[in-house]
Amino acid sequence: LAGQMDTSGQWLWATHIVTSEAISIVGASIDANNNTYIYAKTGTQATFGSISVNSSSQNYIAKVDASGSWKWVTPHAHSFYSECLTTTPSGDVYIAGYFQNSRTMGSTTLTAVGTKDLYVAKLDTNGSYTWAVSTGGVSSTIGPKHITTDSQGNVYLTGYFKGTVNIGSTSLTESKQSWVLAKLSASGTWQHAQKVTSSISLEGQYPLNSGPELLGLYIDANSMLHVYGTYSETLNFGTYTLQKSASGFAPFLWSLPAP
């Protein structure tokens, strides 16, 4: 189900996806024209308004316009495990997840080098793939948690990794699972990566309060990037250290100029 309410809480429209199989919504975002973009995991057959799909992909990225009409549906290989989606004000769509072996998005084939590699892909406002990139390391794992963009279309994401991963020209190594903050340019070039470490493994477990967790990130009008979540033991953010919480799990906010 997707819908829109006005500022007084009244429903303006609602629509849904029809399928005989289980369905889950991985992510959703909205652009400056009130178009809604949805990442849905469902079965091989599904109907989005008047658009019917029958694909082995089982995952779909779709657009709903401001009046609640489905505009397009783009299949996305079910062997790509997506974690997050965001859009720019103009309607470009970015998705991130992890994968194994070799997978194709649009005209780009990505080949994993590690146990689990991270990918980021861009679709234009018409649902066509623009680019896709990946990163990882031999015998290592890396995956995303959250993704956002700035006004220039640069992409920022948080995630987790273990082992040695190569993100652009930056190599990060940790024997325990740790967190990562990374940036790509609007054209899909890796530009920055840094890690967050702790004395314990940063597993990001569920439910909340069962382990440290990355809960989100956003960039403000002053180009400050903010990452927030929960923690218990000491966290190391480069040159800054957040001391162990005295009350068990506690919230944290990490703010820094956008790289």
Side-chain angles (χ1 to χ4, degrees), residues 83-84 86 94 96-98 113-120 133-205 208-259:
E83 302 290 344
C84 42
T86 192
Y94 296 88
Y98 65 89
V113 297
T115 305
K116 185 167 67 176
D117 278 20
L118 179 150
Y119 75 86
V120 181
V133 297
S134 63
T135 189
V138 176
S139 301
S140 299
T141 61
I142 181 170
K145 288 292 291 184
H146 302 282
I147 188 170
T148 192
T149 61
D150 64 17
S151 58
Q152 286 77 47
N154 297 307
V155 182
Y156 301 85
L157 61 89
T158 58
Y160 53 88
F161 79 100
K162 182 179 179 180
T164 297
V165 296
N166 301 301
I167 304 175
S169 60
T170 302
S171 180
L172 303 176
T173 299
E174 283 297 325
S175 58
K176 299 186 298 295
Q177 184 158 292
S178 301
W179 292 335
V180 61
L181 169 67
K183 174 188 177 182
L184 298 95
S185 69
S187 59
T189 300
W190 294 103
Q191 293 189 325
H192 177 83
Q194 63 189 98
K195 62 185 178 181
V196 179
T197 63
S198 178
S199 58
I200 62 172
S201 180
L202 299 176
E203 298 288 353
Q205 301 161 330
L208 295 181
N209 297 328
S210 66
E213 181 68 28
L214 287 168
L215 297 179
L217 82 161
Y218 67 96
I219 189 165
D220 66 23
N222 296 316
S223 296
M224 291 292 292
L225 189 64
H226 307 278
V227 180
Y228 57 94
T230 61
Y231 81 108
S232 58
E233 300 296 322
T234 299
L235 290 179
N236 302 302
F237 301 88
T239 59
Y240 182 79
T241 298
L242 183 62
Q243 297 300 324
K244 177 180 178 180
S245 170
S247 57
F249 285 95
F252 75 84
L253 174 65
W254 177 29
S255 299
L256 68 161

ask   = Below 4.5 Å, heavy atoms only, C-beta onward: do Leu214 and Val196 meet side chain to side chain?
value = no
inquiry  = Checking Asn236 now: which residues fulfil side-chain contact (heavy atoms from CB on, under 4.5 Å) with it, not counting sequence neighbours?
reply    = Thr197, Thr234, Thr241
inquiry  = Listing request: all salt bridge (Lys or Arg N to Asp or Glu O under 4.0 Å) pairs with a residue in residues 151-170, at least two apart in sequence or in separate chains.
reply    = none
message = Which residues pass the side-chain contact (heavy atoms from CB on, under 4.5 Å) test with Tyr228, not counting sequence neighbours?
response = Leu215, Tyr218, Leu253
Side chain to side chain donor-acceptor pair (under 3.5 Å) against Thr170, all qualifying residues, sequence neighbours excluded = none
Pair listing, salt bridge (Lys or Arg N to Asp or Glu O under 4.0 Å) test, anchored in residues 217-229, at least two apart = none
message = Measuring from atom OH of Tyr94 to atom CG of Asn154, what distance do you get when rounded to the nearest 0.5 angstrom?
response = 8.0 Å
ask   = Which residues satisfy the side chain to side chain donor-acceptor pair (under 3.5 Å) test with Thr164, sequence neighbours excluded?
value = Thr173
inquiry  = When you compare the side chain of Asp150 with that of Leu225, does any pair of heavy atoms fall below 4.5 Å?
reply    = no
key: Shortest non-hydrogen separation from Ile219 to Thr149 and the atoms involved   = CG2-O, 3.3 Å
message = Checking His146 now: which residues fulfil side chain to side chain donor-acceptor pair (under 3.5 Å) with it, not counting sequence neighbours?
response = none
remark   = What one should report as the nearest heavy-atom pair of Tyr231 and Pro251 is CE2-O, 3.8 Å
ask   = Considering all heavy atoms of both residues, which atom of Val133 and which atom of Gly188 are nearest to each other, and what is their separation?
value = CG1-O, 3.3 Å
ask   = What distance do Ile142 atom CD1 and Thr135 atom OG1 have between them, rounded to the nearest 0.5 Å?
value = 5.5 Å
query = Taking C-beta and beyond as the side chain, do Pro144 and Tyr119 meet within less than 4.5 Å on heavy atoms?
reply = no
inquiry  = Please report the interatomic distance OG(Ser178) to CG(Leu172), rounded to the nearest 0.5 Å.
reply    = 9.5 Å
request  = Name all pairs fulfilling the salt bridge (Lys or Arg N to Asp or Glu O under 4.0 Å) condition that reach into residues 226-238, sequence neighbours left out, sorted by first residue then second.
outcome  = Glu233-Lys244
query = How far apart are the closest heavy atoms of Ala96 and Ile147, and which atoms are they?
reply = CB-CD1, 4.1 Å
inquiry  = Show the nearest heavy-atom pair for residues Val113 and Gly137, with the distance to one decimal.
reply    = CG2-N, 3.6 Å
query = How would you list all residue pairs meeting salt bridge (Lys or Arg N to Asp or Glu O under 4.0 Å) that involve residues 169-179, not counting sequence neighbours?
reply = Glu174-Lys195
Phe252: partners by ring-ring contact (aromatic ring centres under 6.0 Å, His included), with sequence neighbours left out = Trp179, Phe237
query = Listed by chain and number, what are the side chain to side chain donor-acceptor pair (under 3.5 Å) partners of Ser187, not counting sequence neighbours?
reply = Ser185
inquiry  = How long is the straight-line distance from CD of Gln177 back to OH of Tyr160, given to the nearest 0.5 Å?
reply    = 7.0 Å
ask   = With side chains defined as the heavy atoms from C-beta onward, is the minimum distance between Leu157 and Cys84 less than 4.5 Å?
value = no
ask   = To the nearest 0.5 Å, what is the distance between CD (Gln191) and OH (Tyr156)?
value = 8.0 Å
inquiry  = Restricting to non-hydrogen atoms, name the atom on Val120 and the atom on Leu118 that form the minimum distance, rounded to 0.1 Å.
reply    = CG2-CD2, 3.8 Å
